[in-house]
Amino acid sequence: MSAIHAPVRIGALWQQRMETLREYEVVRDGNIFGTSFSNNVVFSSDYDQARQHLEELMMKYQDVPFDEIFSGSEIFNQGGACFLQKSLQSIKIPPVDSDRLRSEILGDLTLVHGIGPRTQARLRSKGYWTIPDLMHHPKFRSCSHEVLKCLNKGNSSEIMDLIGCRHAKSHPIILGTAGFHDPEDYVFLDIETLGLFCRPVILFGVGIIEKGSLAVHQYLLRDIDEEQSALAATLDHLSGDQPALVTFNGKSFDIPYVSDRLAYYGMASLVKIPHFDVLHFSRRRWKNHLPSLRLTALEMEILGIHRNDDLPGQMVPEFYETYLRTGNCGPLIPIVKHNKQDIISLALLFFHLLEEYYGCR
């Protein structure tokens with residue numbers, strides 16, 4: 001399967017847009033004051049290394065067909081056709097101490113409407129230590145019943161909403177509600193786009209647990225018109241029996257972006273499912289200990305992972321544009337590699353936090 005050159009691939013409008021794709025600043029290494037207080041920067045050494053790598057890829061893979069570089073399969077759905085590359089990664093999945101989690105939730109009297117920290121302290125002094133104890137309280141009996149009904153249903157989305165009304169969204173107990181799910185329910189999502197706003201998603205990375213391993217599904221667009229098919233394939237992963245979405249900054253970026261692309265194609269909106277944004281929990285855990293909370297920084301400091309020749313995420317659009325413009329598939333290689341490592345690191349960091357807070361001891 002060989003690439004088709006740009007005149008066939010994209011219309012004049014897209015070619016015009018791609019000329020102004022750069023949405024980042026290149027700054028001198030260590031120059032934190034030259035960034036205009038923007039997180040969307042690339043240090044000059046990383047930029048120069050990426051540009052050199054691009055030149056090397058262009059030379060190495062000139063005239064090499066797509067299917068000699070990527071091993072995968074073409075899939076078909078209601079959106080058309082797209083390309084899927086699947087790989088397996090061994091991963092440690094820690095067991096969650098569900099008894100400790102449930103005990104901590106039931107011992108939080110503030111989950112009952114009308115009870116704040118002071119009232120909780122007063123109630124405990126009178127022997128009301130758990131929410132079930134409040135079933136004998138004349139004032140809080142009714143509200144306690146509603147909380148217990150929610151907890152007994154075991155719907156993690158409803159439990160997250162309940163806890164989120166009383167605590168910060170980054171509270172460890174909200175992360176702990178992941179313990180209401182089987183590992184096979186988790187859907188790890190990371191996307192690569194052609195820009196920050198209103199531009200196509202060119203790679204959907206989805207990680208799921210299969211037989212104790214992390215299966216990474218990457219839906220790569222060989223052409224812009226395959227986006228709708230890749231969207232549909234990604235949505236299939238979110239429509240299982242009890243899917244639980246896991247992202248890194250997905251509440252602010254990935255999910256709003258995907259929702260925008262669904263609207264663009266007139267596709268059905270995302271249904272509400274539990275969503276664990278690991279960035280929020282990471283901020284709470286390490287904001288006073290680490291200088292950077294980017295995924296690449298956390299994977300290095302916390303997981304001990306060091307990436308070699310990694311493509312800065314901000315440069316993904318111009319690498320993909322080079323592929324579209326020239327038909328050379330080489331620039332796609334670091335995009336796929338970068339996305340795969342993002343999914344793996346996301347899963348590892350999620351399980352690390354889950355084990356730290358609620359792992360069996």
- Message: Using the rule that Ile, Leu, Val, Met, Phe, Trp and Tyr join whenever any side-chain heavy atoms are under 4.5 Å apart, tell me whether Met59 and Leu311 fall into a single cluster.
- Response: no

- Take Arg222 and Glu74 through the salt bridge (charged side-chain N to carboxylate O under 4.0 Å, His left out) test and state the conclusion after the steps. CA-CA 10 Å; Arg222 297 162 298 182; Glu74 189 172 46; 2.8 Å; yes

- Message: Measuring only between side-chain heavy atoms, which start at C-beta, is Leu245 closer than 4.5 Å to Ile255?
- Response: yes

- Message: Under a 3.5 Å distance rule, please check whether Asp190 uses its side chain to pair with a backbone N or O of Ile343 as donor and acceptor.
- Response: no

- Item | Pairs meeting criterion ring pair (Phe, Tyr, Trp, His ring centres under 6.0 Å) with involvement of residues 108-127, two or more places apart | none

- Pro132 and Leu106: which non-hydrogen atoms are nearest, and at how many Å? CD-CD2, 4.2 Å

- Of the options Leu290, Ile305, Leu348, which is the one that meets Leu298 in a side chain to side chain contact (heavy atoms under 4.5 Å, CB included)? Leu290

- Query: Mind checking what makes side chain to side chain donor-acceptor pair (under 3.5 Å) contact with Lys211, not counting sequence neighbours?
  - Reply: none

- Item | Contact list for residues 333-349, test salt bridge (Lys or Arg N to Asp or Glu O under 4.0 Å), sequence neighbours left out | Arg307-Asp342

- Item | Listed partners of Lys169 passing salt bridge (Lys or Arg N to Asp or Glu O under 4.0 Å), at least two apart | none

- Could I get the full list of ring-ring contact (aromatic ring centres under 6.0 Å, His included) partners for Tyr186, not counting sequence neighbours? Phe350, Phe351

- Message: Between Met135 and Leu148, is there a side-chain heavy-atom distance shorter than 4.5 Å?
- Response: yes

- Task: Could you walk me through whether Glu227 and Val201 pass side chain to side chain contact (heavy atoms under 4.5 Å, CB included), step by step?
- Result: CA-CA 7 Å; Glu227 184 186 21; Val201 180; 3.9 Å; yes

- Task: Mind checking the OG-CG spacing from Ser282 to Leu293? Nearest 0.5 Å is all I need.
- Result: 7.0 Å

- Note on the structure: Note: Val187 and Val206 closest approach over all heavy atoms is CG1-CG1, 3.8 Å

- With sequence neighbours excluded, residues passing ring-ring contact (aromatic ring centres under 6.0 Å, His included) with His280: none

- Task: For Phe70, enumerate each residue passing the ring-ring contact (aromatic ring centres under 6.0 Å, His included) test, keeping only those at least two apart in sequence or located in another chain.
- Result: Phe66

Side-chain atoms of residues 51-58: list all donor-acceptor pairs with protein atoms under 3.5 Å, sequence neighbours left out, distances to 0.1 Å.
unit_1, atom_1, unit_2, atom_2, d
Arg51, NH1, Glu318, OE2, 3.2
Gln52, NE2, Glu56, OE2, 3.3

- Task: Report whether Leu88 and Ile208 are members of the same hydrophobic cluster (ILVMFWY, side-chain heavy atoms less than 4.5 Å apart, transitive linking).
- Result: no

- Message: If the condition is side chain to side chain donor-acceptor pair (under 3.5 Å), which residues does Ser98 pass it with, not counting sequence neighbours?
- Response: none

- What heavy-atom pair brings Leu262 and Ala268 nearest, and what distance separates the two atoms? CD1-O, 3.6 Å

- To the nearest 0.5 Å, atom CG of Leu332 lies from atom CG of Leu324 at 8.0 Å

- Item | Asp310 and Gln341: CA distance, side-chain angles, deciding distance, side-chain hydrogen bond (donor to acceptor under 3.5 Å, both in side chains) verdict | CA-CA 9 Å; Asp310 183 53; Gln341 187 57 57; over 6 Å; no

- Do the non-hydrogen side-chain atoms of Thr193 and Val316 ever get within less than 4.5 Å of each other? no

- Message: Return the CD1 to SG distance between Ile69 and Cys329, rounded to the nearest 0.5 Å.
- Response: 5.0 Å

- Query: Are Val336 and Val64 co-members of a hydrophobic cluster defined by side-chain heavy atoms under 4.5 Å apart?
  - Reply: yes

- Message: Could you measure the distance from the OG atom of Ser156 to the NE2 atom of His181? Nearest 0.5 Å is fine.
- Response: 2.5 Å

- Validation row: Glu301, His289 side chains within 4.5 angstrom (heavy atoms): no

- Message: To check you understand the geometry: which heavy-atom pair defines the closest contact between Ser213 and Ser90, and what is its length?
- Response: OG-CA, 4.5 Å

- Item | Mutual orientation of the aromatic rings belonging to Tyr128 and His137 [parallel < 30°, tilted 30-60°, perpendicular > 60°] | perpendicular

- Item | Min side-chain heavy-atom separation Ile105-Arg102 under 4.5 Å | no

- Task: In sequence, state the C-alpha distance, the side-chain angles, and the governing distance for Gln62 and Thr326, and then conclude on side chain to side chain contact (heavy atoms under 4.5 Å, CB included).
- Result: CA-CA 9 Å; Gln62 185 176 4; Thr326 66; over 6 Å; no

- If only atom types and distance count, is the side chain of Asn152 paired as donor or acceptor with the main-chain N or O of Lys149 below 3.5 Å? no

- Item | ring-ring contact (aromatic ring centres under 6.0 Å, His included) partners for His171, two or more places apart | His167

- Nearest heavy atoms of Gly154 and Gln242, plus distance in Å: O-NE2, 4.5 Å

- Query: Side chains of Leu151 and Ile159: does their closest heavy-atom pair fall under 4.5 Å?
  - Reply: yes

- Close side-chain approach of Phe276 and Leu354, heavy atoms under 4.5 Å: no

- What residues form a side chain to side chain donor-acceptor pair (under 3.5 Å) with Lys251, not counting sequence neighbours? none

- Message: For a quick test of reading the model, state the closest non-hydrogen atom pair linking Cys143 to Val112 and the distance between them.
- Response: CB-CG1, 3.6 Å

- How long is the span from the CG atom in Leu231 to the CG atom in Asn77, to the nearest 0.5 Å? 9.5 Å

- Task: List the steps, then state whether side chain to side chain contact (heavy atoms under 4.5 Å, CB included) holds for Asn339 with Leu220.
- Result: CA-CA 10 Å; Asn339 177 260; Leu220 174 65; over 6 Å; no

- Same cluster or not: are Leu101 and Trp129 linked, directly or through other Ile, Leu, Val, Met, Phe, Trp or Tyr residues, by side-chain heavy atoms under 4.5 angstrom apart? no

- Task: Applying salt bridge (Lys or Arg N to Asp or Glu O under 4.0 Å), name anything that partners Glu104, two or more places apart in sequence or on another chain.
- Result: none

- Message: Pair Ser229, Tyr219 - check side chain to side chain contact (heavy atoms under 4.5 Å, CB included), show working.
- Response: CA-CA 9 Å; Ser229 175; Tyr219 300 97; over 6 Å; no

- Under 4.5 Å between any side-chain heavy atoms of Tyr323 and Ile335, yes or no? no

- Look at the side-chain heavy atoms of Ile, Leu, Val, Met, Phe, Trp and Tyr, link any pair under 4.5 Å apart, and say whether Trp286 and Met300 land in one connected group. no

- When rounded to the nearest 0.5 Å, the distance separating CG of Leu221 from CG of Leu203 is 8.5 Å

- Tyr264 six-ring face occupied by Arg261 cation (under 6.0 Å, within 45°): yes

- Yes or no on side-chain hydrogen bond (donor to acceptor under 3.5 Å, both in side chains) for Asp236 and Ser239, after CA distance, side-chain angles and deciding distance? CA-CA 5 Å; Asp236 284 343; Ser239 59; 4.6 Å; no

